[in-house]
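The structure under discussion appears below in the form of structure tokens.
Everything numeric in this text was worked out from a predicted model, so none of it was measured. Along the sequence shown, residues carry numbers from 1. For the numbers below, each heavy atom of this structure counts, side chains included, while hydrogens, waters and symmetry mates do not.
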Amino acid sequence: MTSSAPSLLIDAGNSRIKWALVLADGTQSATGALSHDAAGRPDWYGLPAPRGAWISNVAGAAAAARIDALLDAHWPQLPRTTIRASAQQCGVTNSYSTPQALGSDRWAGMIGARAAFPGEHLLIATFGTATTLEALRADGRFVGGLIAPGWTLMMRSLGEHTAQLPTLDAGAARGLLETGAVHEGARRGPFFATDTPRSLSAGCTLAQAGLIERMWRDLQDEWQVPVRLVVSGGAVDEVTSALKVPHTRHDSLVLSGLALIAAESAGNAAKVSDTTSATGRDA
């Protein structure tokens, strides 16, 4: 496989699998997403063979086996790398007490965020099955983070563990937020509601927004510098509808980070190849 071949990037989260084919110059030539059910198949037909696959998988062993089966069916023997967080990579330094214990999606997302907003202090908020926060210094030092139940998980937990509250799925909850905002006219986002489903939907949304706003303000007070709040994830629209602080949306942090990790590995391989060639000439 030539060094100019694209890289296949795969982000396997708890809700779905996203993928992208990225050219050597960083351009995405194809992207897609699929669910975790067995019926889903990526649309890889007609695409050029990649030089390898770089995978972030936080969805467990079953997802890993399925990804392997999909790759073997379409590109047999394709080299693949399942990334893990490390102490340092692509300009990001990991301050976790056990660096490898940090989720690969959070690690790749920080690498992608630092590249997207170089020289800035960042608070990265990702709204997926879990809501995660990462505090990232401008010099690339990850100082720590938080993990909380995600927006949908909060609502499902309330429905499953209380006798009189409904179990709302994301679609139903989104509809309630939208109709609530329209009903209140100029009022923006969730508010005190007058029925149980809207109370539940708005309460969980505001719980998410309150956490983000609190930590963003605390971080700026501690660091005494401006901090950019970067938001992403499947529930980003719902949570940001309630945010009252400035924020920047980025929809592909993990894939962007994977692209940088893949590019760094290609550069390292090229250095090894050049060293080997030079050694051969000297001999």
Side-chain ion pair, R217 and D221, N-O less than 4.0 Å: no
If you compare all heavy atoms of A263 against all heavy atoms of R51, which two are closest, and at what distance to 0.1 Å? N-NH2, 4.1 Å
With sequence neighbours excluded, residues passing side chain to side chain donor-acceptor pair (under 3.5 Å) with R114: none
For T205 and W151, test the side chains for any donor-to-acceptor distance below 3.5 angstrom and give the result as yes or no. yes
CD1-OG distance between I10 and S56, expressed to the nearest 0.5 angstrom: 10.5 Å
Return the minimal non-hydrogen interatomic distance between R106 and G145, and the atom names on each side. NH2-CA, 3.8 Å
Are V254 and V58 joined in one hydrophobic group, where the rule is that I, L, V, M, F, W and Y side chains link up if heavy atoms are under 4.5 Å apart? no
Checking L136 against V92 for the side-chain contact (heavy atoms from CB on, under 4.5 Å) test, could you report, in this order, the C-alpha distance in whole Å, the side-chain angles of both residues, the deciding distance, and whether it holds? CA-CA 9 Å; L136 188 64; V92 176; 4.1 Å; yes
Can any side-chain N or O of N94 pair as donor or acceptor with the backbone N or O of S86 at less than 3.5 Å? yes
How long is the straight-line distance from CG of L206 back to CZ of F192, given to the nearest 0.5 Å? 8.5 Å
Closest approach of I111 to C90 (non-hydrogen atoms, all atoms of both residues): CG2-CB, 3.7 Å
Quick one: do W223 and L122 end up in the same hydrophobic cluster if we chain Ile, Leu, Val, Met, Phe, Trp and Tyr together by side-chain heavy atoms under 4.5 Å apart? no
Between Q208 and P149, is there a donor-acceptor pair closer than 3.5 Å when you use the side chain of the first and the backbone of the second? yes
With a 4.5 Å cut-off on side-chain heavy atoms, are F127 and I212 touching? yes
At what distance, to the nearest 0.5 angstrom, does OG1 of T248 lie from CZ of F117? 5.0 Å
Shortest non-hydrogen contact between S104 and I83, atoms and distance: CB-O, 3.7 Å
If only atom types and distance count, is the side chain of H74 paired as donor or acceptor with the main-chain N or O of W44 below 3.5 Å? yes
Distance from L47 atom CG to W75 atom CH2, nearest 0.5 Å? 5.5 Å
Quick one: does D105's side chain have a donor or acceptor within less than 3.5 Å of a partner on A108's backbone? no
Considering residues, nucleotides and ligands other than R214, do more than 12 of their heavy atoms fall under 6.0 Å from its CZ? no
Does T132 form a side-chain contact (heavy atoms from CB on, under 4.5 Å) with L146? I'd like the steps, not just the answer. CA-CA 6 Å; T132 61; L146 295 174; over 6 Å; no
Do L260 and I124 share a hydrophobic cluster, counting only Ile, Leu, Val, Met, Phe, Trp and Tyr and linking them when any side-chain heavy atoms are less than 4.5 Å apart? yes
In the structure I gave you, are the side-chain heavy atoms of E264 and Q89 within less than 4.5 Å of one another anywhere? yes
Heavy-atom nearest pair, A135 first then L219, reads CB-CD2, 3.9 Å
For S157 and L153, indicate whether the former's side chain and the latter's backbone hold a donor-acceptor pair under 3.5 Å. no
Checking side-chain polar atoms at under 3.5 Å, does R141 have a donor or acceptor matched by the opposite partner on S95? no
Can you tell if the side chain of L158 reaches within under 4.5 Å of the side chain of C204, non-hydrogen atoms only? yes
Are the side chains of W54 and S265 in touch, meaning some heavy atoms are under 4.5 Å apart? yes
Quick one: OG1 on T82 to CG on D68, what's the gap to the nearest 0.5 Å? 7.0 Å
Charged N to carboxylate O below 4.0 Å: is that the case for R66 and D37? no
Can you name the nearest heavy-atom pair linking A5 to P50, along with the distance? CB-C, 4.4 Å
Report yes or no: do V236 and L123 belong to one cluster of Ile/Leu/Val/Met/Phe/Trp/Tyr joined by side chain heavy-atom distances under 4.5 Å? yes
How are the rings of Y96 and F142 set relative to one another: parallel (under 30°), tilted (30 to 60°) or perpendicular (over 60°)? tilted
Is a donor on one side and an acceptor on the other found under 3.5 Å between the side chain of Q220 and the backbone of V227? yes
Taking C-beta and beyond as the side chain, do V230 and L253 meet within less than 4.5 Å on heavy atoms? yes
Is any side-chain heavy atom of I67 closer than 4.5 Å to a side-chain heavy atom of I17? yes
Main-chain N/O of P197 paired to S201 side chain as donor or acceptor, under 3.5 Å: no
Would you confirm whether S29, through its side chain, and V22, through its main-chain N or O, come within 3.5 Å as a donor-acceptor pair? no
Kindly determine whether R249 and T240 satisfy side-chain contact (heavy atoms from CB on, under 4.5 Å), including the steps that lead there. CA-CA 9 Å; R249 179 169 176 167; T240 56; 5.7 Å; no
Establish whether L9 and L71 are linked, either directly or via other cluster members, by ILVMFWY side-chain heavy-atom contacts under 4.5 Å. no
What verdict does the salt bridge (Lys or Arg N to Asp or Glu O under 4.0 Å) test give for D251 and K18, after you've listed the backbone C-alpha separation in whole Å, the side-chain angles of each residue and the deciding distance to 0.1 Å? CA-CA 11 Å; D251 287 326; K18 295 192 291 184; over 6 Å; no
For residues R228 and H247, determine if any side-chain heavy atom of one lies less than 4.5 Å from a side-chain heavy atom of the other. no
Taking A116's backbone N and O only, do any of them form a donor-acceptor pair with H250's side chain (distance below 3.5 Å, no angle check)? no
From S35 atom OG to R16 atom CZ, the distance as rounded to the nearest 0.5 Å: 10.0 Å
Check: M215 and L211 side chains under 4.5 Å, non-hydrogen atoms: yes
Is the closest basic N to carboxylate O distance between D72 and R80 below 4.0 Å? yes
